[in-house]
K.L.:
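This is the structure I have questions about; it appears just below.
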Amino acid sequence: MNATSLASAPRWRDDLSTEYAGLVETLERLIPCMEVPLHLPWIDAINALKRERGAVIMAHSYQSPEIFHGVADITGDSLALAQAAADCDSNLIVLCGVHFMAESAKILAPHKTVLIPDLEAGCSLASSITAADVRELRARHPGVPVVSYVNTSAAVKAESDACCTSANAVQVVEAIAAETGSRKVIFLPDRYLGSWVATQTDIELVLWHGQCEVHEKFTAMEARHTRERFDAKIVAHPECPPEVLAEADFVGSTSAMGKWLEKERPQRVAMITECSMADNLRNKFPQVEFIKPCNLCPHMKRITLPNIHAALRDMRHEVHVPPGVAARARLALDRMLAVGRRDRV
Ligand code: 13P
Ligand code: SF4
């Protein structure tokens with residue numbers, strides 16, 4: 001919190017703890033209880049601005065509990081947020097997540113205003129590849145379709161045939177292969193997600209060398225130690241290195257991890273992913289004990305209650321995507337969403 005945000009910080013009122021009694025109980029389970037009274041005035045001020053402006057706040061599962069539980073109207077993984085942006089009634093969306101997620105929301109809801117509280121909230125995967133790299137890959141593999149993880153810039157999506165998230169990567173790869181008649185697909189930019197997808201399908205994948213700076217840090221030794229020392233189930237995101245995934249009882253996307261917990265209800269579990277994911281699930285599964293390790297995403301953590309408040313107060317920072325790029329990126333995102341719709345039928 002800098003000097004400016006402190007100067008304009010909303011003040012504590014005694015009625016806040018009664019008005020937000022349910023939220024206080026939730027947050028006290030998830031974060032140090034002394035932090036809760038610091039967050040409540042911001043939460044109250046954000047909720048008031050949100051009503052005044054008719055805004056919808058969307059938060060990714062990696063957002064801190066005070067954001068996820070305190071101010072978000074819609075929460076979920078990147079697929080759920082993309083779908084929600086496409087379907088949402090409000091003309092103003094505040095995207096609490098990283099920049100590629102806000103760009104996806106803008107592409108899918110072009111007539112709406114999309115704000116991101118911190119423009120610097122990037123992603124190591126999105127910055128690992130450019131549109132020129134994709135064009136070069138296409139030239140090297142003529143006729144081979146391109147599937148891009150949504151963790152890419154709008155310009156990279158515009159050069160792709162379809163997008164995917166970790167929740168639907170296998171289905172999208174198989175759908176695009178069937179549609180184009182190609183047994184080979186260029187899969188960008190996460191080499192670890194790509195090598196995991198390759199184990200789930202017969203389609204040959206050409207991979208890029210991008211990595212998530214958060215998930216690449218986990219080691220097989222940590223996972224093994226956690227299982228042996230704490231008798232915990234190991235659940236890992238497919239952005240982790242293959243040797244970590246080999247130690248896991250379950251590998252799945254952000255949403256799949258939640259569904260697995262719902263079904264299995266283990267006594268103890270280690271979520272090998274971003275820390276807030278486990279914090280936010282802990283509330284839903286009070287009988288499950290969540291064991292570290294976890295790693296923080298520094299980009300997701302750039303989003304804070306004070307900068308969400310400033311975004312709504314000053315209508316900053318609006319996300320823009322050049323119309324030509326947006327139109328082509330939209331085709332790739334729509335193809336992904338169509339695969340999801342087909343699977344739900
Ligand atoms: P999801 O697609 O599972 O939401 O993950 C996004 C992400 O950034 C994972 O690191
Ligand atoms: Fe990007 Fe990794 Fe952070 Fe997800 S966790 S936003 S993939 S850097």
Side-chain angles (χ1 to χ4, degrees), residues 60 77-83 85-86 95 97-108 122-180 182-198 200-201 203-213 215-216 237-239 253-254 299 319 321-322 324-340:
H60 188 264
D77 64 353
S78 52
L79 177 60
L81 298 186
Q83 279 162 335
L95 202 301
V98 292
H99 194 261
F100 75 79
M101 295 177 180
E103 271 191 339
S104 295
K106 180 66 187 175
I107 293 164
L108 290 167
C123 168
S124 67
L125 280 171
S127 57
S128 73
I129 188 160
T130 65
D133 292 327
V134 186
R135 286 192 292 271
E136 204 177 298
L137 274 167
R138 277 202 194 271
R140 251 189 282 146
H141 301 275
V144 177
V146 175
V147 171
S148 289
Y149 195 19
V150 285
N151 298 39
T152 45
S153 65
V156 165
K157 289 183 177 77
E159 297 291 337
S160 308
D161 295 289
C163 291
C164 72
T165 69
S166 53
N168 58 21
V170 178
Q171 293 95 306
V172 172
V173 162
E174 292 190 339
I176 206 84
E179 223 175 278
T180 58
S182 172
R183 299 300 298 161
K184 207 192 228 189
V185 167
I186 298 170
F187 186 90
L188 312 169
D190 187 350
R191 66 183 178 124
Y192 292 146
L193 174 63
S195 54
W196 178 73
V197 171
Q200 312 289 308
T201 176
I203 308 298
E204 186 191 339
L205 297 185
V206 176
L207 301 181
W208 185 248
H209 49 70
Q211 280 156 229
C212 161
E213 68 184 82
H215 291 88
E216 71 170 340
H237 194 282
E239 287 172 9
S253 67
T254 301
H299 309 288
V319 176
V321 181
V325 171
R328 289 190 298 136
R330 167 114 203 196
L331 295 176
L333 280 167
D334 278 346
R335 241 180 181 155
M336 168 183 86
L337 296 175
V339 169

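Along the sequence shown, residues are numbered consecutively beginning with 1.
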K.L.:
Looking at every heavy atom in both Ala169 and Val197, which two are closest together, and how far apart are they?
P.N.:
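Minimum heavy-atom contact is CB-CG2, 3.7 Å.
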K.L.:
Take Val173 and Gln200 through the side-chain contact (heavy atoms from CB on, under 4.5 Å) test and state the conclusion after the steps.
P.N.:
CA-CA 10 Å; Val173 162; Gln200 312 289 308; over 6 Å; no
K.L.:
Show the nearest heavy-atom pair for residues Val172 and Cys163, with the distance to one decimal.
P.N.:
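Of all heavy-atom pairs spanning Val172 and Cys163, the closest is CG1-O, 3.4 Å.
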K.L.:
If you measure from CD on Glu216 to CG on Leu125, what distance do you get to the nearest 0.5 Å?
P.N.:
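Reported to 0.5 Å precision, the distance equals 9.0 Å.
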K.L.:
Thr201: which residues meet the side-chain hydrogen bond (donor to acceptor under 3.5 Å, both in side chains) condition with it, sequence neighbours left out?
P.N.:
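Counting only residues at least two positions away or on another chain, Thr201 forms a side-chain hydrogen bond (donor to acceptor under 3.5 Å, both in side chains) with Glu174.
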K.L.:
Taking C-beta and beyond as the side chain, do Val146 and Glu159 meet within less than 4.5 Å on heavy atoms?
P.N.:
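No, too far: nothing below the 4.5 Å cut-off.
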K.L.:
Would you compute the distance between atom NZ of Lys184 and atom NE2 of His141 and round it to the nearest 0.5 angstrom?
P.N.:
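The distance works out to 6.0 Å.
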K.L.:
State the CG-CZ distance between Leu333 and Arg335, to the nearest 0.5 angstrom.
P.N.:
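The distance works out to 12.0 Å.
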K.L.:
Spell out, as yes or no, whether a donor-acceptor pair under 3.5 Å connects the side chain of Lys157 to the backbone of Ser148.
P.N.:
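Checking the backbone N and O of Ser148 against the side chain of Lys157, no donor-acceptor pair under 3.5 Å is found.
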K.L.:
In a check of side-chain contact (heavy atoms from CB on, under 4.5 Å) between Leu193 and each of Pro238, Cys212, Ser253, which one passes?
P.N.:
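Checked Pro238, Cys212, Ser253 against Leu193; only one passes side-chain contact (heavy atoms from CB on, under 4.5 Å): Pro238.
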K.L.:
Contact between Trp208 and Leu137 at the side-chain level, heavy atoms closer than 4.5 Å - yes or no?
P.N.:
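Result yes, sub-4.5 Å side-chain heavy-atom pair found.
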K.L.:
After noting the C-alpha distance and the side-chain angles of Ser195 and Leu207, does the key distance pass the side-chain contact (heavy atoms from CB on, under 4.5 Å) rule?
P.N.:
CA-CA 8 Å; Ser195 54; Leu207 301 181; 4.2 Å; yes
K.L.:
What's the spacing between Ser128 OG and Gln211 CD if we round to 0.5 Å?
P.N.:
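Rounded to the nearest 0.5 Å, the OG-CD separation comes to 9.0 Å.
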K.L.:
For the residue pair Trp196 and Ser166, establish whether any side-chain heavy-atom pair is separated by less than 4.5 Å.
P.N.:
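The answer is no; the side chains never approach within 4.5 Å.
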K.L.:
Given 3.5 Å as the limit, does a donor-acceptor pair link the side chain of Ser124 with the main chain of Glu213, or not?
P.N.:
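The answer is yes, because a donor-acceptor pair under 3.5 Å joins these two groups.
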K.L.:
With Glu136, which residues qualify under salt bridge (Lys or Arg N to Asp or Glu O under 4.0 Å), at least two apart?
P.N.:
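By the salt bridge (Lys or Arg N to Asp or Glu O under 4.0 Å) rule, Glu136 matches Arg140.
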K.L.:
Give the minimum heavy-atom separation between Asp77 and Ala167, together with the two atoms involved.
P.N.:
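So the two residues come closest at OD2-CB, 4.0 Å.
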K.L.:
Which heavy-atom pair separates Ala154 from Ile107 by the least distance, and what is that distance?
P.N.:
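Answer, listing the atom of Ala154 first, then Ile107: CB-CD1, 3.8 Å.
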K.L.:
For Arg138, give me all partners under salt bridge (Lys or Arg N to Asp or Glu O under 4.0 Å), at least two apart in sequence or on another chain.
P.N.:
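Arg138: salt bridge (Lys or Arg N to Asp or Glu O under 4.0 Å) contacts with Asp161.
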K.L.:
What residues, two or more places apart in sequence or in another chain, satisfy ring pair (Phe, Tyr, Trp, His ring centres under 6.0 Å) together with His237?
P.N.:
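Per chain and number, His237 pairs via ring pair (Phe, Tyr, Trp, His ring centres under 6.0 Å) with His215.
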K.L.:
Given 3.5 Å as the limit, does a donor-acceptor pair link the side chain of Ser153 with the main chain of Val156, or not?
P.N.:
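Yes.
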K.L.:
What's the spacing between Ser127 OG and His299 NE2 if we round to 0.5 Å?
P.N.:
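That separation rounds to 7.0 Å.
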K.L.:
Go through the steps to decide whether Arg183 and Glu204 satisfy the test side-chain contact (heavy atoms from CB on, under 4.5 Å), and finish with yes or no.
P.N.:
CA-CA 6 Å; Arg183 299 300 298 161; Glu204 186 191 339; 6.0 Å; no
K.L.:
Please give me the minimum heavy-atom distance between Glu103 and Thr152, naming the atom from each residue.
P.N.:
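Result for this residue pair: OE1-O, 4.4 Å.
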K.L.:
What's the spacing between Leu188 CG and Tyr149 OH if we round to 0.5 Å?
P.N.:
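Taking CG in Leu188 and OH in Tyr149, the distance rounds to 13.0 Å.
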K.L.:
Taking side-chain contact (heavy atoms from CB on, under 4.5 Å) as the test, write out the residues that go with Ala82, two or more places apart.
P.N.:
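If we apply the side-chain contact (heavy atoms from CB on, under 4.5 Å) test to Ala82, skipping adjacent residues, the hits are Leu108.
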K.L.:
For Glu239, what residues pass the salt bridge (Lys or Arg N to Asp or Glu O under 4.0 Å) criterion, not counting sequence neighbours?
P.N.:
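Glu239: no salt bridge (Lys or Arg N to Asp or Glu O under 4.0 Å) contacts found.
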K.L.:
Please find the pair of heavy atoms, one from Ala175 and one from Val339, that lie closest to each other, and give the distance.
P.N.:
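Scanning both residues completely, I find the closest heavy atoms to be CB-CG2, 3.8 Å.
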